[in-house]
Amino acid sequence: MLHLIARPRRIVMAAAVAALLGCAALLSVSATPAEAVFRKCPKGEFCLYFNEDANGGIYHFSGNDSNLGNDRYEGEDTGETVGNTSRYVWNNGVPARRSDVVVASLPGLNGARGCIKRGAKTSLPRKWWNSIESYRWVTAAQ
């Protein structure tokens, strides 16, 4: 025997099914929350990060750089230049003759200067946020 549903009840059930299907479709196409990606600083390199929590874009190099204004981040924030945009630093240098890093607020190691000791891995002090434009490896005595 075929069971018939009265017209008003059929409309309500059809609307409920449509709403459930619509929610399921919305959930399946909605973007997943962005996961923060911590990018490790390679051994022997000096790294600057776009974000203050070491996530997002990373710049890394084992040599000196007198103009960070012509460098870009890797991974994320690739449209940003490194000069004047960094908020986190990691000096992953190795014990050597030159293992500390002097940073400067202007290209060519000019302007205000600060020292990032080997092993330092931290958010930059607020006065240095978005202020590093050049750096070089130095000895502890320098």
Side-chain angles (χ1 to χ4, degrees), residues 3-142:
H3 181 61
L4 297 175
I5 299 173
R7 180 175 211 113
R9 189 171 168 195
R10 221 181 311 169
I11 293 171
V12 169
M13 287 183 72
V17 169
L20 284 174
L21 289 174
C23 287
L26 180 62
L27 290 174
S28 68
V29 296
S30 63
T32 58
E35 289 186 31
V37 177
F38 177 78
R39 301 193 190 285
K40 188 172 179 174
C41 185
K43 192 81 170 156
E45 296 193 359
F46 179 66
C47 298
L48 294 168
Y49 295 82
F50 186 74
N51 295 328
E52 66 182 289
D53 58 0
N55 289 300
I58 181 175
Y59 162 87
H60 59 96
F61 188 50
S62 61
N64 300 325
D65 197 327
S66 64
N67 184 5
L68 293 168
N70 60 13
D71 296 296
R72 301 264 180 202
Y73 291 100
E74 294 177 8
E76 295 178 36
D77 306 302
T78 56
E80 299 289 337
T81 59
V82 178
N84 287 331
T85 61
S86 303
R87 291 188 174 188
Y88 190 95
V89 64
W90 184 352
N91 178 348
N92 202 12
V94 294
R97 195 168 75 83
R98 295 183 179 191
S99 57
D100 293 337
V101 173
V102 169
V103 295
S105 62
L106 295 172
L109 215 62
N110 293 307
R113 294 184 186 174
C115 183
I116 311 295
K117 296 287 192 182
R118 182 178 59 82
K121 179 180 174 183
T122 185
S123 180
L124 288 164
R126 289 216 183 236
K127 70 179 184 176
W128 279 98
W129 276 18
N130 305 329
S131 296
I132 298 174
E133 287 199 35
S134 58
Y135 75 89
R136 75 174 172 167
W137 293 91
V138 296
T139 64
Q142 292 173 311

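Only heavy atoms go into these numbers, but all of them, side chains included; no hydrogens, no water, no symmetry mates. Positions are given from 1 along the sequence.
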Find the distance between [atom1] ([X]) and [atom2] ([Y]) and round it off to the nearest 0.5 Å.
X: Leu48; Y: Ile132; atom1: CG; atom2: CD1; value: 5.0 Å
X: Lys40; Y: Trp90; atom1: NZ; atom2: CH2; value: 5.5 Å
X: Asn91; Y: Glu45; atom1: CG; atom2: CD; value: 11.0 Å
X: Asp71; Y: Phe61; atom1: CG; atom2: CZ; value: 8.5 Å

Are [X] and [Y] close enough that some pair of their side-chain heavy atoms sits under 4.5 Å apart?
X: Asp65; Y: Phe46; result: no
X: Ser123; Y: Tyr49; result: no
X: Glu52; Y: Trp129; result: yes

Enumerate, atom names and distances included, each donor-acceptor pair closer than 3.5 Å involving a side-chain atom of residues 134-142, sequence neighbours excluded.
unit_1 : atom_1 : unit_2 : atom_2 : d
Ser134 : OG     : Leu106 : O      : 2.7
Ser134 : OG     : Leu109 : N      : 2.9
Tyr135 : OH     : Tyr59  : OH     : 3.4
Tyr135 : OH     : Gly63  : O      : 3.0
Trp137 : NE1    : Ser62  : O      : 3.0
Trp137 : NE1    : Gly63  : O      : 3.1
Thr139 : OG1    : Gln142 : N      : 3.3
Thr139 : OG1    : Gln142 : OE1    : 3.4
Gln142 : OE1    : Thr139 : N      : 2.8

Taken in chain and number order and not counting sequence neighbours, the residues that satisfy side-chain contact (heavy atoms from CB on, under 4.5 Å) with Thr122 are Val89
Sorted by chain and number, sequence neighbours left out, side-chain hydrogen bond (donor to acceptor under 3.5 Å, both in side chains) with Ser131 holds for none
Residues passing the side-chain hydrogen bond (donor to acceptor under 3.5 Å, both in side chains) test with Glu74, sequence neighbours excluded, are His60
Check: Short question: side chain of Asn92, backbone of Gly44 - any donor-acceptor pair under 3.5 Å?
Finding: no
* Asked: Looking only at atom types and distance, does a side-chain atom of Arg87 sit under 3.5 Å from a main-chain N or O of Asn130, one as donor and one as acceptor?
  -> no
Scanning both residues in full, the closest heavy-atom pair of Arg118 with Asp100 reads N-OD1, 2.9 Å
Heavy-atom nearest pair, Ala120 first then Ile116, reads CB-CG2, 3.8 Å
Ignoring hydrogens and angles, write down the donor-acceptor pairs under 3.5 Å from the side chains of residues 77-84, residues two or more places apart or on other chains.
unit_1 : atom_1 : unit_2 : atom_2 : d
Asp77  : OD2    : Gly57  : N      : 2.8
Asn84  : ND2    : Glu133 : OE2    : 2.6

Applied to residues 99-128, the ring-ring contact (aromatic ring centres under 6.0 Å, His included) test, sequence neighbours excluded, yields none
